[in-house]
Asks: 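First, the structure itself, so that you have it in front of you.
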Amino acid sequence: MPKPSAPSLEQQLLQAFPAPDELPAGVRPDPSGYERLYLLDGEVRTWEGEVSEVGSPIYLRTGGPLERTLIGHAPVMDDATVMAAVDSAARAWDGGHGVWPTMSVASRIEAVEKFLTLMIPARDEVVRLLMWEIGKNLEDSRKEFDRTVEYIRSTVEALKELDRTSSRFALDAGIIAQIRRSPLGVCLSMGPFNYPLNETYTTLLPALIMGNTAVVKPAKFGTLVHQPLLRAFAESFPPGVVNFIYGRGGKIIEPIMRSGKIDVLAFIGSSKVGDLLKQQHPHPHRMRAVLGLDAKNPALIMPDADLENAVKESVRGALGFNGQRCTALKIFFVHESIADDFLARLGQAVNALPFGMPWQPETRITPLPEPGKAAKMKAYVDEAAARGANVINPGGGTACESLFLPAVVYPVAPDTSLYREEQFGPVIPVCSYRDEREFFEFVANSNFGQQASLFGNDPVKIGTLIDKLANQVCRINLNSQCQRGPDSLPFTGRKDSAEMTLSISDALRAFSIRALVAAGSNPANRDLIQNIVNGRKSSFLNTDFIL
Ligand code: G3H
């Protein structure tokens, strides 16, 4: 009998998708308790109008061609409902006189703490939705939920700290003043598909806790992850303070922006869309934009780099969540003297990453949520190959529907899309360099300016590189991948990469503006201020100290 031949990579990828009866019990989300829900004016309502099917990148093997799984439905709202949500948020703001924006800081903190207690029990379902909607592996899905909870807890502590500092009076040049931070108004909150929970709530919750009201438009993929949390929002915040809208972004957002009713835009996505949204506002200068945008973070691998560490960090940096992180390392410059060694090790490490379904332990390469993404990745590889590059790791670039095996592509020429564009996926472009000027040329000419990673050990060289890079990017990582965390550190970018700075404490500042009460320091004014404070006549002007 001839020995059966080993399955090809394509067959292995196909077999990685489950047959319906292979799905482990309890691994699928159950939308029956939250499907078609939306939140408007403090009420969780059921949408009776048009809906869209929410598909999963996890296909099923049913005998014939792979079948895309249907995991739920999302409302496709009409303009009238969407504008009703905006009006609800505007009423809750009420020109800054609403219950929420005038509420004491301590009471707003209580509301957010209540939301946290109600959010935590939804963890398992949100984690299942993250796995099925965007293909994030179990460990990272749990991490996304837990990191978000931790971020909200830390936001409460940071606000207490900010409020304590603001409780004091300043006396300068005969003027007595109390300086606090006031909310800005109605916030439109739009997160990205790669961190649909975390990067929505790390702007939404700071915006809310500072006294703003909000309309949230979930990302195109990662839409359902908010559904199990809508009741928690409704029970924790006064009516109209948080509203969730659903529908086709290209259609429903324009009327919102053109209405001029948005005071803050919190958007994490592409700079192209960010620019478009800003231009649609009739008075762009009235709207604060807090934007997390595109990036193409480069890594420089110098001749004296510890290659074992460089490869480990490069793989984490380039392929965490299949390269779908704004902070991912998206291009590598390796010194020509170590290029072969680095590439051999990198290719081996990349090929050792287990691929499969998100719930399987150890899985690192998982299905990509955007339809057509594997073909887009292949097009990048093909174009680079036509300009002289090779796929270094055997099998790299093999695909089956939404599964795409990462490709290490070398040498990538400056005239390729892979050199210039943010690929946002599992393709690793590598260039070799002789002179660091080639790396700086890339950095200076790049449209992006978020972060960079330097791998090497010479203090003189690295010191010089830091000085040059600090005026081009906003975080320089030494012998480490690029990343946003820990969330206490500032997260921002230059050029097309960001507007404003986020971190636990910076976000509170981003969603507020300094406002002060000032008076000539004479006996009458001092008496007046004492009376207001002692008689608790103002929630802004007070000396309360939140413990
Ligand atoms: O997509 C961009 C995220 O902010 C990246 O965050 O570096 O923690 O994965 P991370």
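This chain uses plain numbering: 1 for the first residue, then up along the sequence. Every heavy atom of this structure was used, including side-chain atoms; hydrogens, water molecules and symmetry mates were not. When a ligand or atom number is given, it counts from 1 through the structure's own listing order.
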Asks: Do you see a donor-acceptor pair shorter than 3.5 Å between the side chains of Gln451 and Asn477?
Replies: yes
Asks: Assess whether a salt bridge exists between Glu421 and Lys296, defined as any Lys/Arg side-chain N lying under 4.0 Å from an Asp/Glu carboxylate O.
Replies: no
Asks: Among all residues two or more places apart in sequence or in another chain, which pass the side-chain contact (heavy atoms from CB on, under 4.5 Å) test with Lys143?
Replies: Glu139, Asp140
Asks: Going through the distances and angles, do Phe448 and Phe424 end up as a ring-ring contact (aromatic ring centres under 6.0 Å, His included)?
Replies: CA-CA 13 Å; Phe448 316 107; Phe424 213 77; over 10 Å; no
Asks: Regarding Asn198 and Thr148, do their side chains bring together a donor and an acceptor under 3.5 Å, going by distance alone?
Replies: yes
Asks: Taking the basic N atoms (NZ, or NE/NH1/NH2) and the acidic carboxylate oxygens, is any pair closer than 4.0 Å for Asp496 and Lys272?
Replies: no
Asks: So which protein residues pack against ligand 1 under 4.0 Å, heavy atoms counted?
Replies: Arg147, Asn194, Tyr195, Glu199, Arg325, Cys326, Thr327, Gln483, Arg484, Phe491
